[in-house]
Amino acid sequence: MLLRGKTVIVSGVGAGLGHQVAAAVVRDGGNAVLGARTEANLVKAAAEIDPDGAHTAHHPTDITDEAQCEALAALAVERFGGIDAVVHVAAWDSYFGGLEDADFGTWQQIVDVNLLGTLRMTRACLPALKRAGGSVVIIGTQSAVASPSQVRQAAYAASKGALTSAMYSLARELGPHRIRVNTVLPGWMWGPPVQAFVTFTAHSEGVPEAEVRARLTERMALPELATDADVADAAVFFASDRARSITGQSLLVNAGELMR
């Protein structure tokens, strides 16, 4: 029970990774405070993760809105007495393209969500985190350090790369308060977004889904894709006291596709 008695805020709770992180928090003995823009998703996730409601709370949260970030942090303190960790899953990852076809207005919005939104949510949690120390866990992307060949997501990669760079400064700034800051970098992660990509590609090319999935796994050192549950377990480790001396680090969870 890595998180027994700990309270963890999880942003971006929907059907995929955010749900898996929140479920892992409760599984490992913690209290999960869920944030996302869509309240229906929060209600559904909380009911599935914690049917009796003893270890979850939730509040609609758009991380581009500072007041909503502060309200989610306040809920965690009011309901469970404090904040021990925050796991940043919320992100805009559905915009595709490179430089030549870039809409820089959209790029600015993506930076506002992925970079500044994460920093807003972190700052909202600082008063509680400073009381006893704790952990900030950022969900980044392998695309921030190595461009994928199958899709172009330049804006997403750039915004997450900036966030990874910010991690180093945050780790140094917050370290004296015993607050650790680390990043999990998923590669191709089997969950709803990748499942949708595989289905769409197979339909577009008229090939079986297994063939598309095989193209992804053939580059892995391990013979299968990491899952969103695998990434959630890495986030829980960083949130726990097992990682008490780890800060300013990035961990690739990618079945060995890229090794650094």
For the pair [X] (side chain) and [Y] (backbone), establish whether a donor and an acceptor sit closer than 3.5 Å, ignoring hydrogens and angles.
| X | Y | value |
| --- | --- | --- |
| Thr106 | Ala102 | no |
| Asp50 | Val26 | no |
| Asn182 | Gly248 | yes |
| Ser135 | Phe238 | yes |
| Thr64 | Asp62 | no |
| Thr227 | Asp230 | yes |
| Thr164 | Lys160 | yes |
| Ser240 | Phe237 | yes |
| Asn114 | Trp92 | yes |
| Gln153 | Asp93 | yes |

Of all the heavy-atom pairs spanning [X] and [Y], show the shortest one and how long it is.
| X | Y | result |
| --- | --- | --- |
| Val10 | Val13 | O-CG2, 3.5 Å |
| Ala45 | His19 | CB-CD2, 3.7 Å |
| Val77 | Ala128 | CG2-CB, 3.9 Å |
| Met121 | Cys69 | CE-O, 3.2 Å |
| Pro192 | Asp228 | CD-OD2, 3.7 Å |
| Ser11 | His88 | OG-CA, 3.4 Å |

Heavy-atom side-chain proximity of [X] to [Y] below 4.5 angstrom:
| X | Y | answer |
| --- | --- | --- |
| Val231 | Gln20 | no |
| Leu17 | Ile139 | yes |
| Gln68 | Leu72 | no |
| Val113 | Ile63 | yes |
| Trp190 | Glu224 | no |
| Leu42 | Thr61 | no |
| Val181 | Thr122 | no |
| Leu216 | Val194 | yes |

Is it true that atom [atom1] of [X] has more than 12 heavy atoms of other residues, nucleotides or ligands lying nearer than 6.0 Å?
| X | atom1 | value |
| --- | --- | --- |
| Glu39 | CD | no |
| Arg215 | CZ | yes |
| His177 | NE2 | yes |
| Arg79 | CZ | yes |
| Glu100 | CD | no |

Under the criterion side chain to side chain contact (heavy atoms under 4.5 Å, CB included), I'd like the reasoning laid out for Leu163 against Met167: C-alpha separation, chi angles, the key distance, then a yes or no. CA-CA 6 Å; Leu163 189 55; Met167 172 193 71; over 6 Å; no

Would you call [X] and [Y] a salt bridge, taking side-chain N to carboxylate O under 4.0 Å as the test?
| X | Y | value |
| --- | --- | --- |
| Arg37 | Asp65 | no |
| Arg219 | Glu257 | yes |
| Lys6 | Asp241 | yes |

Is it possible for you to say whether [X] and [Y] belong to one hydrophobic cluster, with membership spreading through side-chain heavy-atom contacts below 4.5 Å?
| X | Y | answer |
| --- | --- | --- |
| Val89 | Val137 | yes |
| Ile246 | Val236 | yes |
| Val207 | Trp188 | yes |
| Leu34 | Val21 | yes |
| Val136 | Leu126 | yes |

Which distance, rounded to the nearest 0.5 Å, do you find between the [atom1] of [X] and the [atom2] of [Y]?
| X | Y | atom1 | atom2 | result |
| --- | --- | --- | --- | --- |
| Thr201 | Glu211 | OG1 | CD | 11.0 Å |
| Glu209 | Phe200 | CD | CZ | 12.5 Å |
| Cys125 | Arg120 | SG | CZ | 14.0 Å |
| Leu119 | Glu66 | CG | CD | 11.0 Å |

Using a 3.5 Å cut-off and no angle test, enumerate the donor-acceptor pairs between side-chain atoms of residues 80-87 and protein atoms at least two apart in sequence or in another chain.
| from | atom 1 | to | atom 2 | distance (Å) |
| --- | --- | --- | --- | --- |
| Asp84 | OD2 | Thr7 | N | 2.8 |

